[in-house]
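Chain naming here is simple, since letters A, B, ... match the order of the sequence lines and numbering starts at 1 in each. Computed from a predicted model, the values in this text were never measured in an experiment.
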Amino acid sequence: MSAQSIQDQLSATILEVLHSAKSNGLLNCEIPAALTLERPKNRDHGDYATSVALALAKPSGKNPREVAQILIDGLTGNKDIESLEIAGPGFVNITLAKASQGAVVSAILQQGNKYGHGNSLNGVAINLEFISANPTGPLHLGHTRWAAVGDALGRVLSAAGARVTREFYINDRGNQMDLFGASLQAAALGQPTPENGYHGDYIHDLAKQIVADHPQAKSLEEFRDYGYALQLKQQQGVLENFGTHFDVWFSEKSLYDNNFFDHSMATLKSNGHVFELDGATWLRTTDYGDDKDRVMIKSDGSFAYFASDTAYYISKRERGADICIYMLGADHHGYVGRLKAIAACAGDDPEYNIHILIGQLVKIMEGGEEVKLSKRAGTIITLEELVEKVGVDAARYTLIRYPVETPMIMDVDLLRSHTNENPVYYVQYAHARICAVLRNVADLKISYGVDQVHPELLEHERERELLGALAEFPRIVAGAAEMREPHRIARYAEELAGIYHRFYADCRVLPLGDEKPSELHSARATLCAATAQVIANALELLGVSAPEKM
RNA sequence: GCGCUUGUAGCUCAACGGAUAGAGCAUCUGACUACGGAUCAGAAGGUUAGGGGUUCGAGUCCCUUCAAGCGCACCA
């Protein structure tokens with residue numbers, strides 16, 4: 001069958017009708033390339049509704065209801081459509097024919113775990129960089145948000161057809177590393193932590209580990225390098241356990257070790273945006289809207305952090321990325337201008353080749369008040385601790401279900417003491433419930449599957465609602481990928497779960513008592529199987545498990 | 001001072017410029033001697049921070065005021 005959803009088909013049909021109305025002289029205005037065709041919130045408004053008549057009223061010089069009528073005349077008789085009506089100021093509400101609406105069930109069962117995947121980003125190579133924490137301490141709550149959202153976004157982009165490289169940038173160069181080494185050294189020698197040094201129990205634990213592994217370690221450099229290796233390994237282990245995978249762990253230091261920086265500098269120079277001033281080497285980022293120009297090589301000959309940013313971007317592009325996505329915390333929003341300018345200075349289109357997502361920081365409530373987080377002061381809540389408290393599924397789901405640009409507050413006490421109130425359980429429960437029903441279906445030897453769809457029997461309001469929701473999934477995935485908003489998947493999963501629960505309450509799947517199994521039972525069981533598949537697919541995109549029993 | 005982000009139900013948060021602004025939690029009232037009650041049905045809860053504007057139509061776009069958070073280094 002066609003991979004095109006019924007909604008896409010309808011869209012195309014409506015556009016055809018409008019174009020032919022134009023060539024027949026019924027409409028004398030431009031026909032838009034795309035139109036809004038959505039599922040109305042109110043079920044009385046049909047399966048789909050379009051407001052295109054309202055939009056075309058003015059340019060065509062007609063009353064919106066007249067335009068709507070033209071559209072209806074053109075659509076009447078279409079085999080996919082059961083009924084049409086004009087509503088309100090000029091909305092056209094469309095109710096689908098049962099067979100057309102039921103076709104989605106076959107599509108889901110045939111495509112299995114690929115249902116929902118699309119090709120909107122086919123052939124696009126995307127470099128997705130997230131977390132990129134300093135290797136000087138454990139990952140904390142801020143990183144955790146990106147660990148969940150970044151991973152989910154990677155899955156969503158892949159589902160839309162993109163070739164995704166997930167990358168973690170390791171800031172393994174500069175003063176912070178030396179400070180880290182000095183802090184470890186001091187801890188090992190029982191000396192006070194240096195000025196601006198790193199505090200916290202983990203420093204002492206790391207120091208002990210280093211002394212145990214390398215009794216000869218004395219110098220700051222030794223402590224720094226051994227500590228770095230241990231800390232990086234710890235971060236990698238925690239992320240692996242969290243279900244977040246990276247394809248590339250990119251060392252900032254490596255940009256200099258193999259002279260890549262000189263190469264990237266040459267690119268920037270040849271584009272004419274590099275200049276010397278006061279003994280320093282600058283990039284003229286103000287050519288592309290940045291607030292001020294940025295220093296790459298300081299007057300003392302050392303590299304500014306910004307130098308790495310330029311080389312790193314160019315590295316990503318030269319390694320094949322069409323689009324570089326950066327996921328940054330809100331405390332780095334001032335970087336947007338300069339990063340976009342780097343892309344422009346490198347000769348790229350800052351509107352296409354680079355995309356920066358700014359995520360608000362997570363606040364955490366415990367004991368009714370906000371916990372102030374500070375790595376230096378040692379008051380941090382780590383990714384590990386959060387997982388210990390609420391589990392991987394709940395942690396990931398909670399972090400993903402909100403758009404990143406909104407600040408979020410996690411109430412640890414609530415998550416800890418009432419874990420079953422978390423929406424993730426609502427969704428997982430729907431999946432487990434369906435699995436239980438299907439186990440019963442199998443026990444009763446009721447057949448279900450692609451050959452048992454029987455769309456004409458699925459006429460209950462709840463069944464139609466469920467079919468409509470299932471058909472939405474591919475659009476949700478494509479939209480989440482396009483907008484880089486994985487939270488849409490979670491919201492959809494919750495809506496689908498809710499619709500299933502309501503269907504379940506109103507529509508009996510199994511035969512009652514000694515009632516004989518009928519085609520309706522098979523049809524409903526098949527509908528259940530399709531729903532379980534879609535819930536599982538949605539959870540898979542979030543990296544959250546879809547349990548068969550809870 | 002300049003800039004970015006945010007302001008929606010008691011709380012946490014949704015809502016491609018679309019119809020009566022929605023969920024969950026909390027509160028109240030109900031529902032299986034038949035599929036998993038981690039569920040369902042219902043009630044209550046709102047001047048979408050305030051004020052202007054754009055248009056067929058604004059929580060959404062523009063201007064402005066207020067409030068909160070965060071940035072404005074030859075630090076990383």
Side-chain angles (χ1 to χ4, degrees), chain A residues 34 36-38 40-42 44-45 49-51 53-55 57-58 63-64 87-91 93 134 136 171 173-177 179 196 252 277-282 291-292 294-306 308 329-337 358-361 363 365 398 401-403 405-411 414 418-423 425-430 432-441 444 475 479 482-483 487-488 490-491 494-495 497-498 500-513 515 524-525 528 549-550:
Chain A
T36 58
L37 180 70
E38 54 186 18
K41 292 171 205 144
N42 187 334
D44 294 338
H45 295 153
T50 179
S51 61
L54 289 165
K58 198 166 198 179
N63 176 311
F91 290 99
N93 296 337
N134 290 336
T136 55
N171 299 130
R173 200 188 67 85
N175 300 345
Q176 296 300 319
M177 291 305 295
L179 210 45
N196 295 324
E252 178 191 356
L277 181 70
D278 298 336
T281 304
W282 302 65
D291 300 334
K292 55 189 77 168
R294 306 287 169 181
V295 169
M296 291 191 285
I297 304 176
K298 295 186 261 183
S299 50
D300 67 1
S302 64
F303 298 107
Y305 185 76
F306 181 71
S308 304
D331 53 341
H332 287 74
H333 71 250
Y335 289 36
V336 174
I358 295 298
Q360 295 294 320
L361 305 184
K363 285 184 187 171
M365 300 283 287
T398 304
R401 76 186 286 264
Y402 305 109
E405 68 268 20
T406 62
M408 68 172 288
I409 300 177
M410 284 183 100
D411 188 329
L414 189 102
H418 309 292
T419 53
N420 58 349
E421 289 168 3
N422 192 301
Y425 293 99
Y426 184 80
V427 177
Q428 290 183 317
Y429 179 69
R433 191 180 223 185
I434 296 172
C435 290
V437 170
L438 292 178
R439 284 192 291 270
N440 295 337
V441 164
L444 294 172
R475 284 213 161 202
E482 183 195 333
M483 291 184 266
H487 79 274
R488 290 173 182 276
R491 298 290 167 169
E494 287 166 36
E495 188 189 331
Y500 180 78
H501 286 311
R502 289 188 282 280
F503 155 81
Y504 179 88
D506 288 354
C507 297
R508 176 84 196 181
V509 177
L510 298 177
L512 272 173
E515 184 187 0
R524 285 181 172 169
C528 285
K549 291 180 180 174
M550 292 175 73

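- Residue N171(A) is out of contact with every strand shown, counting any heavy-atom pair closer than 4.0 Å.
- When the P atom is used for both G69(B) and U20(B), the distance is 37 Å, rounded to whole Å.
- Separating the P atom of U6(B) from that of C16(B) is a span of 14 Å, rounded to the nearest Å.
- The separation between D506(A) atom CG and C35(B) atom P is 15 Å, rounded to whole Å.
- K58(A) has its NZ atom 12 Å from the P atom of U54(B), to the nearest Å.
- Regarding contacts with the backbone of C16(B), a side-chain N or O of R488(A) is found under 4.0 angstrom from either OP1 or OP2.
- Nucleic acid contact class of A330(A) (heavy atoms, under 4.0 Å, all strands): sugar-phosphate only.
- With C1' as the reference atom, A26(B) and G45(B) are 11 Å apart, rounded to whole Å.
- A gap of 14 Å separates the P atoms of G57(B) and A19(B), to the nearest Å.
- As rounded to whole Å, 15 Å separates atom C1' of A38(B) from atom OH of Y500(A).
- Nucleotides G50(B) and U55(B) place their C1' atoms 23 Å apart, quoted to the nearest Å.
- In this structure, CE of M410(A) is placed 11 Å from C1' of U12(B), rounded to the nearest angstrom.
- Remark: the separation of the P atoms in C61(B) and U5(B) is 11 Å, to the nearest Å.
- With a cut-off of 3.5 Å on both pairing distances, U33(B) has no Watson-Crick or G-U wobble partner at all.
- Between the CG atom of D300(A) and the P atom of C74(B) there is a distance of 12 Å, given to the nearest Å.
- Contact annotation for Y402(A): backbone-only contact, meaning every heavy-atom pair under 4.0 Å involves sugar-phosphate atoms and none involves a base.
- Here M550(A) lies in heavy-atom contact (under 4.0 Å) with a base.
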Would you list the protein and nucleotides 5-7 of chain B atom pairs, both N or O, that sit under 3.5 Å from each other?
unit_1, atom_1, unit_2, atom_2, d
U5(B), O2', Q360(A), NE2, 2.7

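- Heavy-atom nearest nucleotides on RNA chain B were determined for G334(A) and for A304(A), and the one closer to the 5' end corresponds to G334(A).
- Note: F503(A) and Y500(A) meet the aromatic proximity criterion, with ring centroids under 6.0 Å apart.
- Residue-level contact check: C528(A) touches neither bases nor backbone, having no heavy atom under 4.0 Å from any strand.
- Here, U48(B) and A23(B) have their C1' atoms 16 Å apart, quoted to the whole Å.
- Y504(A) comes within contact range of at least one nucleobase, with a heavy-atom separation under 4.0 Å.
- What separates CZ of R433(A) from P of A38(B) is a distance of 8 Å, to the nearest Å.
- For C13(B) and G3(B), the P atoms lie 28 Å apart once the distance is rounded to whole Å.
- Rounding to whole angstrom units, CD1 of residue I434(A) and C1' of C35(B) are separated by 12 Å.
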Where protein sits on nucleotides 18-33 of chain B, one letter per nucleotide: B base, S sugar-phosphate only, - none, heavy atoms under 4.0 Å:
BBB---SSS-------

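- Atoms OH and CZ, from Y335(A) and R294(A) in turn, are 9.0 Å apart once rounded to the nearest 0.5 Å.
- Nucleic acid contact for A432(A): base, since at least one base atom lies under 4.0 Å from a heavy atom of the residue.
- Among the nucleotides G71(B), C74(B), U39(B), the one closest to any side-chain atom of A280(A) is C74(B).
- Geometrically, R433(A) engages Y504(A) in a cation-pi contact defined by less than 6.0 Å to the ring centre and at most 45° from the axis.
- Here the straight-line distance linking atom CE of M410(A) with atom NZ of K363(A) works out to 15.0 Å at 0.5 Å rounding.
- Taking only side-chain nitrogens and oxygens, H487(A) comes nearer than 4.0 Å to OP1 or OP2 of A15(B).
- For H501(A), whose side chain is taken as the heavy atoms from C-beta onward, the closest listed nucleotide among U39(B), G36(B), G71(B) is U39(B).
- Of the candidates A34(B), C74(B), G36(B), the closest approach to any side-chain atom of V295(A) belongs to C74(B).
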